[in-house]
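Below, read A as the first sequence line, B as the second, and so on, with proteins coming before strands; counting in each chain starts at 1. Keep in mind the model is a prediction, meaning the values are calculated, not measured. When reading the values below, keep in mind they use all heavy atoms of this one structure, side chains included, and skip hydrogens, waters and symmetry mates.
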Amino acid sequence: MRETADLSAVRPYGDHLNDGLVQVTFTLPVPYGLAARHAALELARTMRLTEPEVVHYQRLCDGYTYFVVIGQCRQSVDFATLREGAFDIQYLTEHEIDRLIEEQIGRRVVVIGASTGTDTHSVGIDAMLNLKGLDGRHGLEAYHGFEVHNLGSQVPNARLVERAIAVNADAILVSQTVTQQNLHLHNLTELVEIAEAEGIRDRTLLICGGPRVSHELAKELGFDAGFSKGTYPDHVGTYIAKELVARRAIASTTATAG
Amino acid sequence: MRETADLSAVRPYGDHLNDGLVQVTFTLPVPYGLAARHAALELARTMRLTEPEVVHYQRLCDGYTYFVVIGQCRQSVDFATLREGAFDIQYLTEHEIDRLIEEQIGRRVVVIGASTGTDTHSVGIDAMLNLKGLDGRHGLEAYHGFEVHNLGSQVPNARLVERAIAVNADAILVSQTVTQQNLHLHNLTELVEIAEAEGIRDRTLLICGGPRVSHELAKELGFDAGFSKGTYPDHVGTYIAKELVARRAIASTTATAG
Amino acid sequence: MRSKLGLDVGLADSCREVAAEIARDVGQRTAGRTTVSVERTVARLLGVDGVDALDVPLPNVLVDQIEEHGGLARGLAYWLGNAIIATGAEPLEIAKLVGAGELDLHHLPLAEDHRIRQTIRQHAAAALEKIRGTRAERATFRAGLDGGTADAVETYVLTATGNVYEDVAHAEAVAENGGDIVAVIRSTAQSLLDYVPFGPTTEGFGGTFATQANFAIMREALDRWSRANGRYVKLSSFCSGLCMPEIAAMGAIEGLDNMVNDALYGILYRDINLRRTLIDQRFSRMINGYFGVVINTGEDNYLRTADAVTAAPSVVASQMINYFLARDSGLPPEQIGVGNAFEIHPDVTNGLLYEWAQAQLTRELFPDCPVKYMPPTVHMNGNPFRTHAVDSLFNLVTVATKQEIQTIGVPTEGVFTPHIHDRVLGLENTRYVANFARDLGDDIEFRPGGIIQTRAAQVLAEAHQMLLEIAEIGLFDAIGKGYFGNVSRHYDHGRGAEGIVEFDTGYYNPFMELMGVDLDA
Amino acid sequence: MRSKLGLDVGLADSCREVAAEIARDVGQRTAGRTTVSVERTVARLLGVDGVDALDVPLPNVLVDQIEEHGGLARGLAYWLGNAIIATGAEPLEIAKLVGAGELDLHHLPLAEDHRIRQTIRQHAAAALEKIRGTRAERATFRAGLDGGTADAVETYVLTATGNVYEDVAHAEAVAENGGDIVAVIRSTAQSLLDYVPFGPTTEGFGGTFATQANFAIMREALDRWSRANGRYVKLSSFCSGLCMPEIAAMGAIEGLDNMVNDALYGILYRDINLRRTLIDQRFSRMINGYFGVVINTGEDNYLRTADAVTAAPSVVASQMINYFLARDSGLPPEQIGVGNAFEIHPDVTNGLLYEWAQAQLTRELFPDCPVKYMPPTVHMNGNPFRTHAVDSLFNLVTVATKQEIQTIGVPTEGVFTPHIHDRVLGLENTRYVANFARDLGDDIEFRPGGIIQTRAAQVLAEAHQMLLEIAEIGLFDAIGKGYFGNVSRHYDHGRGAEGIVEFDTGYYNPFMELMGVDLDA
Ligand code: B12
Ligand code: B12
Ligand SMILES: Cc1ncc(COP(=O)(O)O)c(C=O)c1O
Ligand SMILES: Cc1ncc(COP(=O)(O)O)c(C=O)c1O
């Protein structure tokens, strides 16, 4: 009978359970030749690959060689445990989000968004906020529950925070696309600092997004949540609504207690 | 000025020296979702990748997810030392090989070849041995210096050795293409065993080749040399001629000494 | 359909006539002979399956016993028919008794010839009826599902893990990603076995053993997927090697939809004796034809051992011959998927135009056949991106020339039997191009006298010439002269020749009769 | 050349007429104005380079001082001419003195106008002569090398590491793998700087700063490669943003061959004030035109913020306008590489036919232009294989429609600025398709009234309609209404408006005169 994967010790799968097969590609700054091939295998071993094999290598130019290596990764990952702890959220529909806001918050939630710093990529933030949305799913502007301010792109962090204060925003949404040399890290960190300095950090949800922004990264940088590729407006809408409702619940408990 | 790579500590190169960027792709036997993404990152960490990032992942079918991960490999390889010790051979031309054989051996070198076991891939061995050769470079059959016996494909190891004895072969050339489940390892090992059992191992060069046969692997399995993709007939021709000449030199020294 | 290539219709017709003649000649030269495999197939069709205590398949057990006494010239049906009369037992029981050493077919009293024939004929008819019944049920099942768009290419995807259960995982990924036909590739060397292994298997090399149990496991898995997802996924395997007709029978029984089934592949690439294969292919094709299985021929192989630019005419010549050999075995054109491949070296200037010409030529020469198009393989190296780029153009020609069945290319073709995601990446490429270029073929015309038209005309002319030469010397000698794939094989050489048996006057095979093809015609 | 698309020639001509009118109108509305950047460019052309103690570029130092005293309306040439007369020093010396705080241009005695003009005109003529001399040497150098096949597409490959020395490594890999043009992409945000950074730079984001030193470093590296390998490799960069004309001057001086130079990009995608950009683009184009630099326009961008299927007519309309704006600045057609892109979503049925139609349309509408074709970007995701497959079809359309310049696609387009091997993989794909499908374009014809022809006709008709509307309301308002890329920008908004200066009667720019284009016509 078919063997089933032991989810507490999962390994890569090529064509047999636990064969551990992975493919690694990289360039080394070394001249093309047999010695380069050896170096690639050595490197693969430092990556703990068993029986690495160079299935392709080619000269790029003087002093640079490209490699395609396959090998076996014998290490495993405990998926069963990971699955338990994973950040997962049950997404609501536009209608459900609106109802949740109406019933539990009783007013429109104010969100303000921008693509900040020198980043001129606006398609992502527009997809979240503008009427049109993405793939036929409305942006938050179309929701009854949200009041939306989209400042567009190339917006300095200071200006975004200033406007957020002016409109009394519940949530600040920032988009970052250019990540080379970790440009986004500086820029995102700066936003958090300014929000803190201006004293709005605690009462404002800070949310960031972009093709290479993950939830983990966002948390690490001091945001409340991060959204990456494959995000739809209802995803972030759900998050905002649920989180605000949850915070109110806590606040009211605290208030009662206090 | 441009920084130059420290060849004694070489790291992968994406677009900056020592950025260590590598791409790893694999499938995990886990259902698609955020937890799967986490598992992929975990796995990447076991491969000692720093700041791994899932740039793409997709569901293959129930219980299987495919990942494209990039990350930084901080380990390095000592290319300078590697280069010193690398197996490298100065290839001769057809004409030079013929002359070497004529001058140093004084008779035609007998080679016998086949694609063995159940392997029916004959294009590789034919390229080495048959007149036509490869990309306009003659096969050994065309050389004055070689007497060639090509038994074709699907040849049992025992038969190959039997024929090698019959024609008094200086070198046995075997080709192996089907490697799934390590089929070639069994088959190649068997050949060495038979050659030993028949008492010809010492006086015959054992050479293997195929797309996934490396020199290291060949040595490990008890062959004298192994040739992979990108081999031309003159490569193996050079090896045979030079090696036989070298062995004669040793033999004659030993004979004189003895 | 107007010829987009401006083909010389008369020349094409002449090719057909000559090829038909070549096929008839093969029929005559192989007539009056059977093989151990054909006889084992008779046993299988009569319900004999399983193995004896030494793991020898019961069809082999029967044939071996009959052969030992020199009785095979009468055909297994004769001896089994007689045994049924003598023992009153069913074929399977009889086989088991023989396997257990408890019965010798030659020690039974011999009934009269006509009674034997009548008895075994009844059994055979009932057996066929039963298989047809199951196939009819399958047809109903399939009719209730989405069969895909009629005019879109059917993607054909291999699985080849060596382990039937892993193959199932791959097959599910294939189905989920739009694959239309799953083909379970066989373990290397199975073609050389003169028996069919038994039971589910989990250890094969470069493929999974074709056993009846494996067929059933895969069929069931695909049906399960089809039911859950409302789209029918077909099953295919290799019907070739020394057990070619037996596998046809197994496939018919287990509900396979397609079979790779070539008249010459085993000869050229597995060094199987040419007469043996040509006798076997005929019965195997009768079975495939009778049960509605679509066959696919293997001309793609020639382009792996010969140069695709210069060997192009041999592909056309072979398609013609394969086609008429199939027709002579009773296959209708709709079940003959002649083969075709995209194998020109990627560095050839205007290679795409030659490929396009060739693919369109095949399409026009066999308008009623589900032509099958094979991906680039031989020049694919370890660079998966290069392979993927070449596959993209292959996919383009596929849709532009309206191939009916397309084996998809995979990025790791030059490296290993593809990993599960490689199949999916290949399917995505195919799907993308098929949709993005959907009506390209209809929207463009070839410039009269241009490179494409000229190439097609030239290939056809050379194929014609080649067919004339083959007709002259006969197919056997043509194979000896290396006409196909630069491989030369001779009359008496190759494996399995010892399994050929000449009929004696009493030879009988009820299935040939019942399936309506008279081989001695 | 016969139209493969069966285009309505009258309609195409009408498009041209209307577009020419739109461009003329822009000329009129921007006439009589200069910008800080135009004036800095005059300084640069006169040999002013370097920075002051605070790292402020000397051209800025000069312009700032002149502006402070409200003198810019006469043009920097006037003040510099006067200073030359007064001090007897060369422009660069004068700039240094100003930078050191040792000279105030307004505190010098004013010579007579005609003497000032004559003096500065001589200097300008000498400066132009010198640059032309260097360019002539380059032309000789180039003539001695292999320039590639005349009718093959020129592959255009970006480098964008942020570090000019790393860019050199990438450029070598590009050259070695057949790239024809290396384009050093600029660091994000440089377009917003109202000065050009100085010296070699090693820290940029998503690109490398365009500085004169960086241009020189890259030029030298490419020349070294060209010399060693006998094939000339061209150099390109971005001539856009707030310093558009200065970069044109730097490029001319450092021997660049191509420049991305669009009339509207900065307005739409960098929120630069529209009048500022339209004034700047004119002088920048005069320079590019005069020194034989091929410009490439950026219509591809519209298809990244608007849908490529529906926005197709806006691309044609913009190409026409960009073309006539360039013509009005003195660029000959052979130097106007109108832009064009393959950006239809990969899931669109028959998307390839639309792309083919559009690419062919561009080719036919601008028969004398080196049209530039951009790869799929916006729908490319993190799956490098999917991107590579789409790039293959992009490469096919490129060769089949005979684009002259092609920015290559790279598999990691959707992820990061490509790694060194990604560029090579992209080039390999391009080279493979270009050769394998070399004469496809000539070998096929489009079915009259088919999908491709119909689409082309429709796009042309809609572009015509759009041009009529734009002519009606003027380009400024059209931009305000979001005609291009769904982005709307208004007259007074955007960066850099404060850098616009109206001429007073004494305004003088010797280069405009010498380069032979009368802007006040
Ligand atoms: C369109 C585009 C442009 C357009 C932008 C127009 C505009 N107004 O947006 C133009 C042509 C102007 C442009 C310019 C440049 N670009 Co650009 N561009 C792209 C391109 C092709 C598509 C991006 C896009 O629109 N994707 C579609 C949207 C819907 O996806 P998304 O942004 O990821 O958004 C989704 C999620 O990330 C998430 N999300 C995003 N933001 C947010 C925010 C919140 C709050 C939430 C909840 C979710 C969320 O939800 C969205 C929907 O699912 C990409 C390549 C690619 N295929 O990704 C390159 C790319 C992003 N560009 C790149 C670069 C380098 C540049 C330049 C810097 C190049 C240069 N030096 O000139 C310039 C300058 C721009 C700048 N400084 O910002 C690089 C970035 C590399 C890196 N990682 O650093 C890319 C990856 C191309 C490449 N391979 O080199 N670009
Ligand atoms: C042609 C081919 C066939 C032909 C073979 C015809 C023939 N007479 O050779 C046919 C169609 C018969 C065939 C069948 C099968 N094939 Co096959 N086939 C290929 C293919 C497309 C090309 C191989 C080739 O000819 N390469 C060109 C030659 C010149 O290269 P080469 O063999 O590597 O040789 C070079 C070097 O390796 C070296 N070399 C090789 N041998 C030797 C020996 C010596 C002494 C020296 C010095 C050097 C040397 O020098 C040569 C020149 O540089 C490859 C895919 C690919 N692109 O690689 C699949 C491939 C090899 N086949 C494969 C498989 C699985 C099969 C089958 C088993 C499938 C099946 N189950 O039915 C069958 C059965 C064959 C068998 N049992 O052996 C797999 C192997 C996977 C693996 N690594 O295990 C591949 C990789 C395809 C795939 N991706 O799945 N195949
Ligand atoms: C026509 C045909 N039959 C059969 C096979 C299967 O090969 P094997 O001989 O290993 O079963 C192939 C494989 O390429 C083939 O093309
Ligand atoms: C026409 C044009 N100019 C300039 C640029 C460069 O962008 P930036 O504004 O970052 O210099 C681009 C990039 O896409 C472009 O398309």
Subject >> Worked verdict on A:E216 versus B:H38 for side-chain contact (heavy atoms from CB on, under 4.5 Å) >> reply: CA-CA 10 Å; A:E216 299 91 317; B:H38 280 274; 3.1 Å; yes
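Within a 6.0 Å radius of CG in B:D62, no more than 12 heavy atoms belonging to other residues, nucleotides or ligands are found.
Closest non-hydrogen pair, A:K229 versus B:V55, comes out as NZ-O, 4.0 Å. Shown here for A:R83 and B:P31, the closest heavy-atom pair between the two residues is NH1-CG, 3.8 Å. The two residues A:V22 and B:F26 make their nearest non-hydrogen contact at CG1-CB, 3.7 Å. Residues A:P29 and B:V10 come closest through the heavy atom pair CD-CG1, 3.7 Å.
Side-chain contact between B:T27 and A:P12: absent, with no pair of heavy atoms (C-beta onward) separated by less than 4.5 Å. Contact check for B:H16 versus A:Q181: side-chain heavy atoms found under the 4.5 Å cut-off. Annotation: side chain of A:R212 is in contact with side chain of B:I70 (closest heavy-atom distance under 4.5 Å). Residues B:Q180 and A:D15 meet the side-chain proximity criterion, which asks for heavy atoms closer than 4.5 Å.
Only the side chain of A:R37 comes within contact range of chain B, with at least one heavy atom under 4.5 Å from a heavy atom of that chain. Of the two parts of B:Y64, only the side chain, counted from C-beta on, holds a non-hydrogen atom closer than 4.5 Å to a non-hydrogen atom of chain A. Of the atoms belonging to A:F79, it is side-chain heavy atoms, and not backbone ones, that fall under 4.5 Å from chain B. Heavy-atom distances place no part of A:L217 under 4.5 Å from chain B, backbone and side chain included. Proximity to chain B (any heavy atom under 4.5 Å) is restricted, for A:E53, to the side chain, taken from C-beta onward. Using a 4.5 Å cut-off between heavy atoms, A:A5 contacts chain B through its side chain alone, with no backbone atom that close. Heavy atoms closer than 4.5 Å to chain B are found nowhere in A:H56, neither backbone nor side chain.
For B:D19, there are no salt bridge (Lys or Arg N to Asp or Glu O under 4.0 Å) partners two or more places apart in sequence or in a different chain.
Atom-to-atom distance recorded for B:L43:CG and A:S76:OG is 8.5 Å, nearest 0.5 angstrom. Between the CD atom in B:Q75 and the CZ atom in A:R48 there is a gap of 10.5 Å [rounded to 0.5 Å]. Here CE of B:M47 is found 4.5 Å from CE of A:M47. Values are rounded to the nearest 0.5 Å.
Most heavy-atom pairs under 4.5 Å with chain B: of the set A:V77, A:T46, A:V24, this distinction falls to A:T46. Per-residue heavy-atom pair counts under 4.5 Å with chain A were compared for B:L17, B:T4, B:V30, B:L7, and the maximum is reached by B:V30.
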